[in-house]
J.: 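Before I ask anything, here is the structure I am working with.
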Amino acid sequence: MSEYILEMRNITKEFSGVKALDNVNLAIKKGEIHALCGENGAGKSTLMKVLSGVYPYKTYTGDIIINGEKKRFRTVGDSEKAGVAIIYQELALVKDITVAENIFLGKLANKAGIVNWHKTYADAKKILDEMGVGIDLNQRIKDIGVGQQQLVEIAKALVLNADILILDEPTAALTETEVELLMKILRGLKAKGVTCILITHKLNEIFEIADSVTVLRDGQTIETSDIKEINENELVRRMVGRELTQRYPQAERVPKEVMLKVEDFSYNDPGGKGLVEHISFYARAGEIVGIAGLMGAGRTELVTGLFGFFKGKTSGKILVDGEEKQIKSPKDAINAGMAMVSEDRKQYGLILKQSIRSNISISSLKQISSCSILNENKEFSEAKKYAEILGVKAHSIEMPVGALSGGNQQKVLLARCLMTKPKVLFLDEPTRGIDVGAKYEIYVLMNQLAAQGTAIVMVSSELPEVLGMSDRVLVMHEGRLVGEIDRAEATQEKIMMKASGGK
Ligand SMILES: Nc1ncnc2c1ncn2[C@@H]1O[C@H](COP(=O)(O)OP(=O)(O)OP(=O)(O)O)[C@@H](O)[C@H]1O
Ligand SMILES: [Mg+2]
């Protein structure tokens, strides 16, 4: 028998005549953790959707061979029966039902059609306990953060007891602590003989946990290597096709007047539990202020609250460019000169069915209209310009955003913000799911915006990014601001210490 549990041979997949996968080959050994990497749009998710039956047999060409046997999956259910489980890049949970119900969705324990809720909850608890995750099973998905949702997705896949587990960017929404937890879970699965395919843009994770790595570029297989035979620079070179020695562009930033001033800002959830408490800070024109903290520290709540998402539940004063603003909705925020790129692309961000063009222009309609009539030519040319600046990979800006790869969707959101030429820009995990090359481009853009006088407030769980880009780092812990560290003095250790409640 072959040493490979899985082989994908000469897989070609087209979308409306355009090849997303072009004769891709992938061979995975039993029991290994195999990293699959490549730039945004390289074809990673598409390849995995072919493997899991999302794209059924006959919508692609080539062969899938599992344990030496050719497979023709017509549905996701078929691949599950063959021992394949997949956790999608874009979370696929049902928002209105509970954590426990999601874990067993479609597989609810039942006797004669009657769901045994007691058993469902007990089993769900067992799985989360084994994972070492403390999430309240009774909470509805829409009430928990993206990071926790990701952990629920993993639990859901574990229920299947798969031989091959595919994780498409599972750590994008996780904080460092949770990433460590996930790594532990993966090592545990490996010890049980489960084979994992891990897609990630975080190179340190690949070197920490993978046994081997395959790089895809522009829909083609570049190379597979044993992890011991390759280093970070070589991996990046294979991904982007050129040398990329510097990860953060150098910039001489000269902060000017205070552009955003926040005084005693608080946000309380309906239950009355304080989520953001008495926060005061400022950001100057031309400055990048980083906000660090663990998940649940209230970072996202702070920026979404400032941006007007929680009408009537916030208090405090917000001044933009020296003027006090009443911000009761995101619309007020935009009118006040603010823009935001949110961590949850689907909920607060993109309209997946609509075109790249309208997703980019939606916040700038005033600028491109005269007498309330939209100038469509201008809309097209402006949207196109920003899509190009960000290097959105698409055949046309009339394509629906939902057809873009994950990283390219993020670029569309950024393009939308840039087009509004904001005075204050909130970025919540701006490079989540973005490949190394494009990350660099986004950092260059951030520097350009700062140079034009925008005050940037960036929430990020990636400490290297916080350190690499911020002039000052604010640290949050349990809803409060617990520290401010200057760029020159900031280190990962100092930030983590404060973020976890230390002095
Ligand atoms: N449903 C679709 N319709 C049309 N084109 C698509 C569709 N899904 C993917 N594509 C295209 O196929 C290519 C590969 O996309 P894919 O999502 O596999 O990339 P990826 O490697 O997973 O990228 P990322 O790192 O951004 O997630 C992209 O050019 C994308 O625009
Ligand atoms: Mg993808």
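Both backbone and side-chain heavy atoms feed into the values below; hydrogens, waters and symmetry mates do not. The structure displayed is predicted, hence computed values, not measured ones. Read the numbers this way: they start at 1 and go in the same order the structure lists the ligands and their atoms. The first residue of the sequence shown is numbered 1, and numbering continues consecutively from there.
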J.: Using the rule given for side chain to side chain contact (heavy atoms under 4.5 Å, CB included), can you reason through Gln149 versus Ile141, listing the C-alpha separation, both sets of side-chain angles and the distance that settles it, and then say yes or no?
T.: CA-CA 7 Å; Gln149 291 180 17; Ile141 291 298; 3.8 Å; yes
J.: Under 3.5 Å, N or O to N or O, is Ala20 touching ligand 1 that way?
T.: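 Checking ligand 1 against Ala20, no N or O pair falls under 3.5 Å apart.
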J.: Test your reading of the structure: does Met399 have an N or O sitting under 3.5 Å from an N or O of ligand 1?
T.: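 N/O-N/O distance below 3.5 Å does not exist for this pair.
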J.: With atom 23 (O) of ligand 1 as the reference point, say which of Gly41, Gly407, Ala394 has the nearest heavy atom.
T.: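 Among Gly41, Gly407, Ala394, the closest heavy atom to atom 23 (O) of ligand 1 belongs to Gly41.
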J.: Which option, Ser405, Ser16, Ala438, Cys37, owns the non-hydrogen atom nearest atom 17 (O) of ligand 1?
T.: Ser405
J.: Could you check if a side-chain atom of Thr420 sits within less than 4.5 angstrom of a side-chain atom of Met338, using non-hydrogen atoms only?
T.: no
J.: When you compare ligand 1 with Phe15, is there at least one nitrogen or oxygen pair between them that comes in under 3.5 angstrom?
T.: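 The answer is no, given that Phe15 and ligand 1 share no N or O pair closer than 3.5 Å.
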J.: Considering only NZ, NE, NH1 and NH2 on the basic side and carboxylate oxygens on the acidic side, decide whether Asp218 and Lys393 come within less than 4.0 Å.
T.: yes
J.: Report the residues that fulfil side-chain contact (heavy atoms from CB on, under 4.5 Å) with Glu398, sequence neighbours left out, ordered by chain and then residue number.
T.: Ser355, Arg357, Phe380, Ser396
J.: Taking distance alone, with no angle check, do Asn40 and ligand 1 share an N/O pair under 3.5 Å?
T.: yes
J.: Once ring pair (Phe, Tyr, Trp, His ring centres under 6.0 Å) is applied, do any residues pair with Phe73, and if so which ones, sequence neighbours excluded?
T.: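 For Phe73, no residue satisfies ring pair (Phe, Tyr, Trp, His ring centres under 6.0 Å) once neighbours in sequence are set aside.
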J.: What residue pairs, at least two apart or across chains, pass salt bridge (Lys or Arg N to Asp or Glu O under 4.0 Å) with a residue in residues 185-201?
T.: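 For residues 185-201, and leaving out neighbouring residues, the salt bridge (Lys or Arg N to Asp or Glu O under 4.0 Å) pairs sorted by first residue read Arg187-Glu208, Lys190-Asp211.
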J.: So, is Leu47 polar-close to ligand 1, with some N/O to N/O distance under 3.5 Å?
T.: no
J.: Distance below 2.8 Å from the Mg ion (ligand 2): how many protein N/O/S atoms qualify?
T.: 2
J.: Please work out, at 4.0 Å between heavy atoms, whether the side chain, the backbone, both, or neither of His201 comes within that distance of ligand 1.
T.: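 For His201, the contact with ligand 1 is made by the side chain alone.
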J.: What atoms of ligand 1 come closer than 4.0 angstrom to any heavy atom of Glu39?
T.: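 Under 4.0 Å from Glu39, ligand 1 has these atoms: 21 (O).
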J.: Assess the pair Tyr55 and Tyr60: is the distance between their ring centroids shorter than 6.0 Å?
T.: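 Tyr55 vs Tyr60: aromatic centres not under 6.0 Å.
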